[in-house]
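Proteins come first, then strands; the chains are lettered A, B, ... in the order of their sequence lines, and each starts at number 1. All figures in this text were calculated on a predicted structure; none of them were measured in a lab.
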Amino acid sequence: MRTSQYHLVTRKETPQDAEIISHQLMIRAGMVRKIGAGLYTWSPLGFRVLRKVEAIIREEMNASGALEMLMPAVQPKELWEETGRIEDFGGQLLAMTDRAERDYFFGPTHEEVMTEFVRDEVTSYKQLPINFYQIQTKFRDEIRPRFGVMRSREFIMKDAYSFHLTAESLEETYRLMEQTYTKILSRMGLKFRCVLADSGAIGGSGSQEFHVIADSGEDAIMYSDDGDYAANIEKCEAVSLLSARAEPENELTEVATPDQKTIEQVTEFLGVNADQMVKTLLVEGVEGPVALVVRGDHHLSEVKAAHLSEVATPLRFLDDKEVQELAGCDVGSIGVKDLNCPIIVDLTVANMSDFICGANKEGYHLTGVNWQRDAEFQQQADIREAQAGDPSPDGQGILKQARGIEVGHIFQLGDKYSKAMNAVVLDENGRSQALQMGCYGMGVSRLVAAAIEQSHDDNGIIWPSALAPFQVALLPMNYQKSVQVKRTADELYEKLTKAGYEVILDDRKVRPGFMLSDFELLGIPHQVIIGDRSLDEGFVEYRHRQKMEKQKIEHAKIFDFLTQHTNL
RNA sequence: CGGGGUAUAGCGCAGCCUGGUAGCGCAACUGCUUUGGGAGCAGUGGGUCGGGAGUUCGAAUCUCUCUACCCCGACCA
């Protein structure tokens, strides 16, 4: 490709509304352009990268034996009524009506459509196991789209759905997909981690997420420093930090803590550590309010709390007025003694003794509080977020924390959808069996942003070789005037193109500095600088986008050099 | 959905308070000079001032209203 015949529109200035680096660089490089909140047009340049991501996914999915197909983006509302998921998805579903007032959703995911397909087309156990996938545009009406194509409303996703007669067969394909995702992300040259995950609105029994590691990631992931355990913080088991409860030593004492409301204020005021205190949080329960208690230095996991059967979903904290009615004080002085509602404590809290909590009396706290003697709890459960430094739940090593961008999520759904939609096959004995189902998503457009997030510098994008829009950039200095520069560049361009390289030759009439910074921004991995200065001595210059050191290569040898140094 | 903010050329912004010829920088186009790190000079094109209504002789500017977008929060692959 010659730049004169391509469409390159780069910007020197950082766009004002782009917060994270990948969004800034994608706009500056002219890969995408915003048309509305969370809606983007992909330019030819950006689209090339999108296609690279798709191609790798497609190759590896095909290699795994999955079958590509295509489902409609627009789905009849009736399908969603069959599974009752309209509520689960809530406002994220983009609804529309046609001229006959029929209701539709623009698909945010395709379990329903897929299951509808399979229940009619797959009728015998002999057709199983089978794994279908598509690469397609999805729509989710995000409450707040942000970070460019990272969290957009319309996005491209690869979604696969497998069907099985038995749970064992499902497990096998699930593991195969885990391996396939590992291959895909490895080929893209990304640093990533597979972690245990909460299955959210999709549902099912087990699920894992694939995260590209990046400080700007929206998710926190926990992993063992000396073992295989890794989980999203939403899912990560938080073990009890106290193996047994010590005997009470101190008397129950009421102390005045005027105007001390937060844990931080109270610990400072009393001269104690936060791990001697407990936090009592009041939430709406299924039948009246429920108290959730975690240690002072711990955070409540809202995801875990919402999973408790006693707690109403979605999780809602009581407001100031409700707190006042129940505890007789404001939020800063709630405690576990004589609290008139069920109390659910975290595993660590269950083993605490001589602890400090609010006195349910404005401006007072209790010290030397002990379970059984002074207060009772109804249930203990893992309701806190794990934190760095905790022992790993599998007993191997200590947990560390990292930020990740979720680019893939695999689920074992079991028979959740097949039962709801009556998708059955006949087994060997001629008996009707509900299908076992798995689903496997991967964010195609999000991967483009994630790759940039992980690989860039002050001057622009540094594409991993597998995702670069072009492999080689030929950068002639003074192409329009120097006959030997033009000839050298043209010849090399022809030769590389014929040999199958994706080459971009910058034949624009621009100054050298402009051209060089443009290609740093664009992040093309292999760059060949052709100028009179070195050509007079028989050389051209080569540099790799990652290292940027210029290397003199004999003019006659540059083709062989590139052949050796690229993956083609 | 709650709170805050913004809307003027492709991008970034000024002008509004105090109503009277719509401006600046970047980008684009033309010419000349320059040519190994985002050039200089001269010139050119490009605007329903987010939409609607109102006040006024006259509205980018004042009033009302609608809409869109951005940020923070809760929510979420």
Side-chain angles (χ1 to χ4, degrees), chain A residues 8-19 23-24 27-28 30 33-39 88-93 107-111 138-153 155-159 197-203 207-211 217-219 232 234 302-303 306 313-317 319 404-411 439-447 450 459-460 475-482 485 508-521 527 529-536 539-541 543 548 550:
Chain A
L8 278 190
V9 180
T10 56
R11 266 170 258 277
K12 208 173 0 180
E13 283 150 21
T14 312
Q16 213 239 325
D17 59 0
E19 277 195 277
H23 188 195
Q24 293 172 0
I27 302 270
R28 283 190 53 206
R33 194 184 165 85
K34 186 173 73 179
I35 191 179
L39 303 172
D88 295 348
F89 264 84
Q92 272 204 82
L93 278 169
T109 177
H110 279 66
E111 282 80 10
K138 308 288 187 202
F139 193 98
R140 294 187 191 177
D141 198 356
E142 293 285 346
I143 296 166
R144 191 148 88 84
R146 66 193 124 167
F147 305 146
V149 299
M150 192 82 85
R151 180 170 294 282
S152 51
R153 292 194 296 167
F155 59 101
I156 298 174
M157 178 161 113
K158 184 283 296 175
D159 47 326
D198 189 76
S199 50
I202 308 288
S207 80
Q208 285 165 286
E209 291 167 345
F210 285 78
H211 284 265
E218 289 192 83
D219 285 293
N232 189 307
E234 292 178 349
E302 299 193 13
V303 172
T313 24
L315 187 77
R316 186 183 71 83
F317 288 95
D319 63 31
I405 300 163
E406 185 190 342
V407 295
H409 200 158
I410 59 179
F411 303 80
C439 84
Y440 319 93
M442 192 165 240
V444 176
S445 35
R446 183 180 279 186
L447 269 164
N459 298 324
L475 308 178
M477 306 287 102
N478 211 8
Y479 180 88
Q480 309 289 340
K481 285 266 177 71
S482 165
V485 165
R508 291 176 300 178
K509 193 179 171 184
V510 293
R511 293 169 63 86
F514 186 92
M515 185 187 292
L516 292 169
S517 2
D518 241 11
F519 278 84
E520 276 154 31
L521 174 62
Q527 308 186 350
I529 301 165
I530 300 161
D532 281 317
R533 203 154 78 183
S534 37
L535 267 187
D536 288 343
F539 293 102
V540 294
E541 283 158 274
R543 62 180 191 176
M548 296 302 280
K550 287 177 189 157

#### Entry: Euclidean distance, atom CZ of residue A/Arg151 to atom C1' of B/rC70 [Å, nearest integer]
17 Å
### Task
Taking atom P in both B/rU18 and B/rC24, compute the distance separating them and give it to the nearest angstrom.
26 Å
### Query
Is there a donor N/O on one and an acceptor N/O on the other, under 3.5 Å, for the side chain of A/Arg508 and the base of B/rG38?
no
### Message
Just the rounded figure in Å: distance from P of B/rC75 to CD of A/Glu406.
### Response
16 Å
### Task
Pick the C1' atom in B/rC70 and in B/rG23, then give their distance to the nearest Å.
25 Å
### Message
For the P atoms, the ones on B/rG4 and on B/rU8, what distance do you get once it is rounded to whole angstrom?
### Response
22 Å
### Query
For A/Gly531, which contact category applies under a 4.0 Å heavy-atom criterion: base, sugar-phosphate, or nothing?
base
### Task
Could you work out the separation of B/rG51 and B/rU61 based on their P atoms and round it to a whole Å?
10 Å
### Query
On a plain distance test, is the side chain of A/Arg446 in donor-acceptor contact with the base of B/rA77 below 3.5 Å?
yes
### Task
Check every strand shown and say whether A/Gln92 touches a base, only sugar-phosphate, or nothing at a heavy-atom separation below 4.0 Å.
sugar-phosphate
### Task
Rounded off to whole Å, could you give me the CG-to-P distance for the A/Asp518 and B/rG37 pair?
15 Å
### Query
At under 4.0 Å between heavy atoms, what does A/Glu19 touch on the DNA or RNA strands: base, sugar-phosphate, or nothing?
sugar-phosphate
### Task
Measure the spacing between CG of A/Asp518 and CZ of A/Arg11 and express it to the nearest 0.5 Å.
11.5 Å
#### Entry: N/O donor-acceptor pair, side chain A/Glu520 with base B/rG38, under 3.5 angstrom
no
#### Entry: Complement of B/rU34, any strand, by Watson-Crick or G-U distances under 3.5 angstrom
none
#### Entry: 5'-most by nearest nucleotide on RNA chain B - A/Leu516 or A/Thr14
A/Thr14
### Pairwise 5' ranking along RNA chain B for A/Ser152 and A/Gly36, keeping only the more 5' one
A/Gly36
### Query
So, is A/Lys12 close to the B/rG12 phosphate, meaning a side-chain N or O under 4.0 Å from OP1 or OP2?
no
### Nucleotide forming a Watson-Crick or wobble pair with B/rU18, both distances under 3.5 Å
none
#### Entry: Short side-chain N/O contact to B/rG38 OP1/OP2 from A/Arg511, under 4.0 Å
no
### Query
Counting distance only, does the side-chain N/O of A/Arg446 pair as donor-acceptor with the main-chain N or O of A/Arg151 below 3.5 Å?
no
### Message
Does this structure show an ion pair linking A/Glu19 with A/Arg146, if we count only N-O contacts that are shorter than 4.0 Å?
### Response
no
#### Entry: A/Glu302, nearest nucleotide to its side chain (from B/rC75, B/rC72, B/rG10)
B/rC75
#### Entry: Pair assignment for B/rC24, Watson-Crick or G-U wobble, requiring both distances under 3.5 Å
B/rG12
### Query
Which nucleotide in the list B/rG38, B/rA77, B/rG36 gets nearest to the side chain of A/Arg28?
B/rG38
### Query
Taking CG from A/Leu315 and P from B/rA74, how many angstroms apart are they, rounded to a whole number?
12 Å
## Note on the structure
Considering only heavy side-chain atoms of A/Asp17, the closest of B/rG10, B/rG36, B/rC70 is B/rC70
### Task
Answer whether the closest heavy-atom distance between the side chains of A/Arg140 and A/Met157 falls below 4.5 Å.
yes
### Task
Inspect the contact between A/Glu520 and A/Arg543 and indicate whether a charged nitrogen and a carboxylate oxygen are less than 4.0 angstrom apart.
yes
### Nearest-angstrom distance from the residue atom CD of A/Glu541 to C1' of B/rG36
8 Å
### Message
Counting the atoms with a prime plus P, OP1 and OP2 as sugar-phosphate, which does A/Met150 contact under 4.0 Å by heavy atoms, base, sugar-phosphate, or nothing?
### Response
base
### Query
Which value, in whole Å, describes the distance between the P atoms of nucleotides B/rU35 and B/rG25?
26 Å
### Task
Go through B/rC70, B/rC1, B/rC76 for me and flag the one nearest to the A/Lys34 side chain.
B/rC70
### Query
Does B/rC49 pair with anything, Watson-Crick or G-U wobble, both distances under 3.5 Å, and if so, with which nucleotide?
none
#### Entry: Any side-chain heavy-atom pair of A/Ile530 and A/Tyr479 under 4.5 Å
no
### Task
Examine the side chains of A/Asp141 and A/Gln92 and answer whether a donor and an acceptor come within less than 3.5 Å of each other.
no
### Task
Can you figure out which of B/rC70, B/rU35, B/rC11 approaches the side chain of A/Ala37 most closely?
B/rC70
### Query
Are A/Arg144 and B/rC76 close enough that a side-chain N or O sits under 4.0 Å from OP1 or OP2?
no
### Message
Partner lookup for B/rA7, please. Criteria are Watson-Crick or G-U wobble with both distances under 3.5 angstrom; report none if nothing qualifies.
### Response
B/rU67
### Query
In Watson-Crick or G-U wobble terms, both distances under 3.5 Å, what is the partner of B/rA77?
none
## Note on the structure
In terms of heavy-atom contacts, A/Gln24 and A/Ala18 come closest through NE2-O, 3.1 Å
#### Entry: hbond_proxy A/Arg543 side chain to B/rG37 base (donor-acceptor, 3.5 Å cutoff)
yes
#### Entry: B/rA39 versus B/rU48 - spacing of their C1' atoms, nearest Å
38 Å
### Message
How many whole angstroms separate atom CZ of A/Phe519 from atom P of B/rG36?
### Response
18 Å
### Query
Taking any strand in view, what nucleotide pairs with B/rA59 in a Watson-Crick or G-U wobble way, both distances under 3.5 Å?
none
### Task
Describe the nucleic acid contact of A/Lys509 in one word from base, sugar-phosphate, nothing, applying a heavy-atom distance below 4.0 Å.
nothing
### Query
Rounded to the Å, how far apart are A/Leu8 CG and B/rG38 C1'?
15 Å
### Message
Please pick, from B/rC11, B/rC1, B/rG36, the nucleotide with the shortest atom-to-atom distance to any side-chain atom of A/Ile143.
### Response
B/rC1
### Query
Separation of A/Met515 atom CE from B/rG38 atom C1', in whole Å?
12 Å
### Message
When the P atoms of B/rC62 and B/rG15 are compared, how many Å lie between them, rounded to an integer?
### Response
12 Å
### Identified pairing partner of B/rC29, criterion: Watson-Crick or G-U wobble below 3.5 Å
B/rG43
### Nucleotide nearest A/Arg11 (side chain, heavy atoms from C-beta), chosen from B/rC76, B/rC11, B/rG38
B/rC11
### Query
Can you name the closest pair of heavy atoms from A/Ser534 and A/Glu541 and give their distance?
OG-OE1, 3.3 Å
### Task
In whole angstrom, give me the gap between the C1' atoms of B/rA9 and B/rG46.
6 Å
### Query
How far apart are the closest heavy atoms of A/Ile156 and A/Ser445, and which atoms are they?
N-OG, 2.9 Å
### Message
So, under a plain 3.5 Å distance rule, would you say the side chain of A/Asn478 forms a donor-acceptor pair with the base of B/rG36?
### Response
no
### Minimum-distance nucleotide (side-chain atoms of A/Glu13 versus B/rU35, B/rG12, B/rG38)
B/rG12
